[in-house]
Amino acid sequence: MQYISTRGKIEPISFAQAVIMGLATDGGLLLPKTIPQIEKVTLRAWATLNFSSLALEIMTPYVGTDLTRAELAELIQRSYANFTHPEITPVTQVGKHYILELFHGPTAAFKDIALQWLGNLFELLLARSGETLNIIGATSGDTGSAAIYGVRGKERIQIFILHPQGRVSPIQERQMTTVLDANVHNIAIRGTFDDGQRIVKDLFNDLEFKQTYHLGAINSINWARVLAQMVYYFYAWGKVSKGDTSKMVSFAVPTGNFGDIFAGYLAWRMGLPVKKLILATNRNDILTRFIRTGIYQVETVHPTLSPSMDIQIASNFERYLYYLVNENTEVVQDLMQQLAKTGSLQVSALQNMKSQQEFAAITVSEEETLEQIRATYAESTYILDPHTAIGMRAAQKYPGSICLATAHPAKFNEAIQKAISIKATAPSALQGILEQPTRCEVLDANSSVVKQYVQKILA
Ligand SMILES: *Cc1c(COP(=O)(O)O)cnc(C)c1O
């Protein structure tokens, strides 16, 4: 399989090259040149597979010849070995809906599914090339810990994660700072999340520094993350349909960066019998506004009860845009230029209609989020985390749909308590975490201070 850029200005590259490149060098996002088509008879057979065997089948055409089947199988096996549920991503029925639980990984949020695999994949590719990688990122909470757990203890990889001191939840902070592996470097900066992002940007913009120290990012734009996330759409469909290919199923997805739901979109394009993709956002609703109006317009970010979706620029949106404009890279380029210049882009009326056929887009308020946690608990004693509650609320008009549960409720117990006056019980991944020893460097929110620290560690 070859990979191209949404902006059309790179030569086709292999899977391994796409993983190492991350963001395309022309500023676009990487995508497979063609989408493999899955026959109905294959779908039926896949419905009986366990998660790891299914992942192997789905990933094989995308990986191409860059990994042997045995290497790929071993990588998948290892990436999900430390999940606490034997099914990896179990599906349970809750009232009129199904819940696809994606939070049984080491940090109790769905990002583990992609980042456990990406960490192992990086390790294998680096061992092959003899290169090293130094990952630098800023986090407002969830992504940082999932990234740290993805690469902890790995040879050839160092990871530096900046978080705003005292501005992430105690659990989120401990999930990062209790990881004591020598290759993990937590930095609490005296400043805000925006300061952290600005510092990371500064380091990446210093091209000499970037090259000398082999800097890499760990954001949601890496193709390998999207690939891993496709697997559970097939898995959940198999559980609910029992392999009956005439059974179309809708998926409700709480969305921020358009990463998770884009994986669902691709699964659909591969031939998965999807009825509707329900795109659910919190008050930060740039994506629902886009589906409604065809205009993608950046506004300010508002903090909500579902902080992992408090996003305005959805980093995977450009991938969908590429398909929406019929894979015309010139048009994508023009639109993205418009967005950079004016803070907004607009697609044609026809394209707007097409996106409305593909997605049901629903914005869920803070009050509705709490109400949904209450309603689901009252109905079935199942506790939804606030992100999942947003998906569930959006799915109310679609009985029988599968709601993606993106975090364990115990990670967001403040919201749970507010809704139903009790706390969710911590899963084993979070138990005792507040009492464990920690390691973290506190630094001023200053790019050169952080740069010096990174140099000192890597010296
Ligand atoms: C990251 C995250 C999301 C949003 O996923 P995207 O791929 O960015 O759309 C939703 N819920 C939780 C708990 C998350 O951590």
Side-chain angles (χ1 to χ4, degrees), residues 29 89 99-116 118 137 139-150 168-169 171-172 175-176 193 218-230 232-233 251-267 277-288 290-291 301 304-320 359 361 363-364 369 373 383-394 403-413 415-416 424 427 429-430:
L29 299 184
T89 61
I99 300 263
L100 169 57
E101 294 183 346
L102 303 174
F103 51 72
H104 294 286
T107 73
F110 94 101
K111 291 187 174 70
D112 287 330
I113 292 168
L115 287 171
Q116 286 290 306
L118 183 62
T139 187
S140 56
D142 268 355
T143 313
S145 57
I148 287 170
Y149 273 83
V168 299
S169 81
I171 290 242
Q172 285 177 327
Q175 278 192 294
M176 297 188 277
F193 171 56
I218 189 128
N219 38 31
S220 53
I221 50 87
N222 199 298
W223 165 252
R225 286 182 66 173
V226 177
L227 180 56
Q229 289 170 199
M230 276 195 266
Y232 47 73
Y233 283 91
F251 288 90
V253 190
T255 307
N257 270 315
F258 208 83
D260 206 1
I261 195 159
F262 179 72
Y265 172 78
L266 274 188
L277 287 170
I278 304 159
L279 184 161
T281 68
N282 63 24
R283 181 180 170 196
N284 299 291
D285 62 348
I286 185 167
L287 292 168
T288 41
F290 172 74
I291 303 291
V301 179
T304 70
L305 294 167
S306 44
S308 301
M309 289 154 58
D310 292 346
I311 284 163
Q312 276 294 326
I313 295 276
S315 52
N316 272 287
F317 175 71
E318 186 172 339
R319 285 193 163 113
Y320 173 62
F359 296 97
T363 300
V364 177
T369 305
I373 296 173
I383 303 180
L384 303 169
D385 102 279
H387 304 79
T388 309
I390 286 175
M392 189 69 154
R393 177 73 181 200
C403 300
L404 275 61
T406 51
H408 191 286
K411 281 192 91 163
F412 298 95
N413 258 331
I416 305 303
L430 303 179

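Each ligand, and each atom within it, is numbered from 1 in the order the structure gives.
- Looking at T281, its side chain never comes within 3.5 Å of a backbone N or O of T255 through a donor-acceptor pair.
- When every heavy atom of A389 is checked against every heavy atom of T369, the shortest pair comes out as CB-O, 3.8 Å.
- A heavy-atom separation below 4.0 Å is not found between F262 and ligand 1.
- Under 4.0 angstrom from ligand 1, the non-hydrogen atoms of F110 all belong to its side chain.
- In the vicinity of D260, heavy-atom distances shorter than 4.0 Å reach the ligand 1 atoms 7 (O).
- Residue-ligand proximity, G259 to ligand 1, at heavy-atom distances under 4.0 Å covers atoms 6 (P), 7 (O), 9 (O).
- Between the K411 side chain and the T107 main chain, a donor and an acceptor come within less than 3.5 Å of each other.
- A distance below 6.0 Å separates the ring centres of Y320 and F359.
- A donor-acceptor pair under 3.5 Å links the side-chain atoms of N413 to the main chain of A424, judged by distance alone.
- Only the side chain of D142 comes within 4.0 Å of ligand 1, counting heavy atoms alone; its backbone N, CA, C and O stay farther away.
- Here is the list of ligand 1 atoms found below 4.0 Å of a heavy atom in T255: 9 (O).
- For a threshold of 3.5 Å applied to N or O pairs, the pair formed by N257 and ligand 1 contains at least one separation below that value.
- Atoms of ligand 1 found under 4.0 Å from any heavy atom of K111 (numbered from 1 in listed order, with element): 1 (C), 2 (C), 3 (C), 14 (C), 15 (O).
- Those atoms of ligand 1 with a heavy atom of A407 less than 4.0 angstrom away are 13 (C).
- For the pair Q229 (side chain) and A114 (backbone), a donor-acceptor distance under 3.5 Å is absent.
- For ligand 1, the atoms closer than 4.0 angstrom to any heavy atom of F258 are 9 (O).
- Nearest heavy atom pair, residue A405 against residue I99, reads CB-CG2, 3.6 Å.
- For ligand 1, the polar-atom distance check finds an N/O of T406 within less than 3.5 Å of one of the ligand's N/O atoms.
- There is no side-chain donor-acceptor pair under 3.5 Å between N316 and N257.
- Residue F412 has no N or O atom closer than 3.5 Å to an N or O atom of ligand 1.
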